[in-house]
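Notes for the one structure printed next.
Below, read A as the first sequence line, B as the second, and so on, with proteins coming before strands; counting in each chain starts at 1.
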2 protein chains.
Amino acid sequence: MQISKGVEWAVHAASMMVALPEGRGLKAAALAHYHGVPTAYMAKQLQALSKAGIVQSSRGAHGGYRLAKPATDISLWDITAAIEGHGPAFRCTEIRQNGPCGLKRKDCRSPCQIAAAFSSAERAFRDSLKAVTLADIGLQFVRDSEPEHLSDIMHWLESEVMPLSDTP
Amino acid sequence: MQISKGVEWAVHAASMMVALPEGRGLKAAALAHYHGVPTAYMAKQLQALSKAGIVQSSRGAHGGYRLAKPATDISLWDITAAIEGHGPAFRCTEIRQNGPCGLKRKDCRSPCQIAAAFSSAERAFRDSLKAVTLADIGLQFVRDSEPEHLSDIMHWLESEVMPLSDTP
DNA sequence: GTTATTCGGACATTTAATATCCGAATTAGG
DNA sequence: CCTAATTCGGATATTAAATGTCCGAATAAC
Ligand code: SF4
Ligand code: SF4
């Protein structure tokens, strides 16, 4: 019942990419250094986002990552699922088929009330995260931050994002 | 983002206790054997339920477990929290304080939008599980099961529950 | 008081999360 | 066109957590 901390890192990295100019990217090392986390492990999360089609990667010199689609089309659930997997949190092991009063497999066609209740709770969790997009996060962040802090970030971005190829 | 399978076992065990006659109990070994799971590990889950005040335990000869309060007052969330802990699934490591543009601690008094979104999603999850009680599970189980199967269970219960002390 | 029985917490083992490394692929530049 | 620099990608260690096991403390029957 713990969410991997890689999810937190991935969300932060993706949020940073929202502010990127069109056709530019950020390399994994820069994102890791900015957030003060191990480079190789941050790269692993970006890899997962890439496989899920959330970010686009360019290899070789002047390569890096950028968002693969508009920020309004990327929800927090998309990122969470990309890192943690799409499988359900409550894993039923069908122990009702065990023991002295075990049911036959044919009597287990429909999930029991217990499994249904957890499934419903997880759906509520997912729907809540699906309602929040990276665009929302970015907008609120700009609103709530000190102008001075935003200026620092823009400055850092320019120093890292400048030398980038625009070919996809 | 995985729920321990101990939760599944604990819910099954607690559901079984709903059917117990007043003042009777079931020992850990019986519950474990009935569900076809390791005895000692099932005992561990029951221990957690006991500490959380969900079940009451009696030691010594003819000891065992019984529900500590009415089935209508025990929700699936109560059981889940007893096994998995009450802490949040999304653990914020405050990485916004790291790196070249790190914020000062005093600027982090309020949680950011990311943490707030996950907190809200978890609340939705909890509320959904809180709405389902052991009484609901028991009632639906009786409705959906074959009479033959219920008869088997009653038979087994009588053979296990008979020799029990009624002193708390 | 003795003994049989059961829960309780302390102790191994296995699995998953965390962190790291080096090769494959691509591009810039000559 | 070829080379070298650079970056991503998957395979590989390490650490933490979940899973599974054991024996002592406590209780009740006799
Ligand atoms: S009865 Fe429900 S929770 Fe139990 S094993 Fe079957 S589907 Fe899973
Ligand atoms: S910005 Fe939000 S998610 Fe990131 S470290 Fe701070 S509270 Fe956590």
Side-chain angles (χ1 to χ4, degrees), chain A residues 1-10 13 24-33 35-52 55-66 68 80 83-85 87 89-91 93 95 160-161 163-168, chain B residues 1-10 13 24-33 35-52 55-66 68 80 83-85 87 89-91 93 95 160-161 163-168:
Chain A
M1 190 57 173
Q2 297 289 73
I3 291 176
S4 161
K5 64 177 67 168
V7 171
E8 183 187 8
W9 302 357
R24 304 300 175 84
L26 279 167
K27 60 185 182 182
L31 286 165
H33 179 249
H35 294 104
V37 299
T39 302
Y41 195 35
M42 171 62 95
K44 196 189 175 84
Q45 317 305 331
L46 292 168
Q47 221 168 289
L49 292 182
S50 178
K51 269 199 244 183
V55 302
Q56 221 172 14
S57 66
S58 298
R59 286 211 272 206
H62 296 183
Y65 291 97
R66 73 199 73 178
T80 304
I83 306 292
E84 295 276 321
F90 182 84
R91 301 157 292 170
T93 43
I95 62 177
E160 283 290 343
V161 87
L164 179 72
S165 143
D166 359 356
T167 55
Chain B
M1 190 59 176
Q2 297 288 76
I3 291 176
S4 162
K5 64 177 67 168
V7 171
E8 183 186 7
W9 301 356
R24 303 300 175 85
L26 279 167
K27 61 185 182 181
L31 287 164
H33 179 248
H35 295 103
V37 299
T39 302
Y41 196 34
M42 171 62 95
K44 196 188 175 87
Q45 316 305 332
L46 292 169
Q47 220 170 292
L49 293 183
S50 178
K51 269 200 242 180
V55 303
Q56 223 172 11
S57 67
S58 298
R59 285 210 272 207
H62 295 183
Y65 291 97
R66 72 198 76 175
T80 304
I83 307 293
E84 294 277 320
F90 181 84
R91 301 157 293 170
T93 43
I95 62 176
E160 283 290 343
V161 88
L164 179 72
S165 141
D166 1 355
T167 53

query = What residues, two or more places apart in sequence or in another chain, satisfy ring pair (Phe, Tyr, Trp, His ring centres under 6.0 Å) together with H33(B)?
reply = none
ask   = Looking at the side chain of S4(B), which of dT19(D), dG8(C), dT6(D) is the nearest nucleotide?
value = dT19(D)
ask   = Near DNA chain D, under 4.0 Å by heavy atom, which residues of residues 39-46 of chain B?
value = A40(B), Y41(B), K44(B)
ask   = Could you state the CG-C1' distance from L26(B) to dT5(C), rounded to the nearest angstrom?
value = 16 Å
inquiry  = Please report the distance, rounded to the nearest Å, between CZ in R59(B) and C1' in dG24(D).
reply    = 10 Å
request  = Please report, rounded to the nearest Å, how far the P atom of dA4(C) is from the NZ atom of K27(B).
outcome  = 15 Å
message = Tell me the interatomic distance from H62(A), atom NE2, to dA4(D), atom P, rounded to whole angstroms.
response = 18 Å
request  = Please list, chain by chain and in numerical order, all residues satisfying side chain to side chain donor-acceptor pair (under 3.5 Å) with E8(B), sequence neighbours excluded.
outcome  = T93(A)
note = On DNA chain D, more 5' by nearest nucleotide between K51(A) and M1(A) is K51(A)
request  = Send over the distance from Y65(B) OH to dT5(C) P, rounded to a whole Å.
outcome  = 18 Å
task = Please report, rounded to the nearest Å, how far the P atom of dA17(C) is from the CD1 atom of I3(B).
result = 14 Å
request  = Sequence neighbours left out, what passes side-chain contact (heavy atoms from CB on, under 4.5 Å) with A89(A)? Give chain and number order.
outcome  = E122(A), I3(B)
query = Are OP1 or OP2 of dT19(D) and a side-chain N or O of R91(A) less than 4.0 angstrom apart?
reply = yes
Rounded interatomic separation in angstrom, taking CD from Q56(B) and C1' from dT6(C) = 16 Å
task = Compute whether any side-chain donor of one residue and acceptor of the other, for S57(B) and R66(B), lie under 3.5 angstrom apart.
result = no
inquiry  = Once you apply a heavy-atom cut-off of 4.0 Å, does A28(A) come out as touching a base, just sugar-phosphate, or nothing?
reply    = sugar-phosphate
Options dG9(D), dA29(D), dG20(D), nucleotide nearest the side-chain atoms of S50(A) = dG9(D)
query = Of all residues at least two apart in sequence or in a different chain, which pass the side-chain contact (heavy atoms from CB on, under 4.5 Å) check with A48(B)?
reply = I83(B)
remark   = Q47(A) atom CD is separated from dT7(D) atom P, nearest whole Å, by 16 Å
message = Between E84(A) (side chain only) and M1(B) (backbone N and O only), is there a donor and an acceptor less than 3.5 Å apart?
response = yes
query = The side chain of S57(A) lies closest to which of these nucleotides: dA29(D), dA19(C), dG9(D)?
reply = dG9(D)
query = Taking only N and O in the side chain of Q2(B), is any of them less than 4.0 Å away from OP1 or OP2 of dA18(D)?
reply = no
request  = Taking side-chain contact (heavy atoms from CB on, under 4.5 Å) as the test, write out the residues that go with A32(A), two or more places apart.
outcome  = V37(A), T39(A), M42(A)
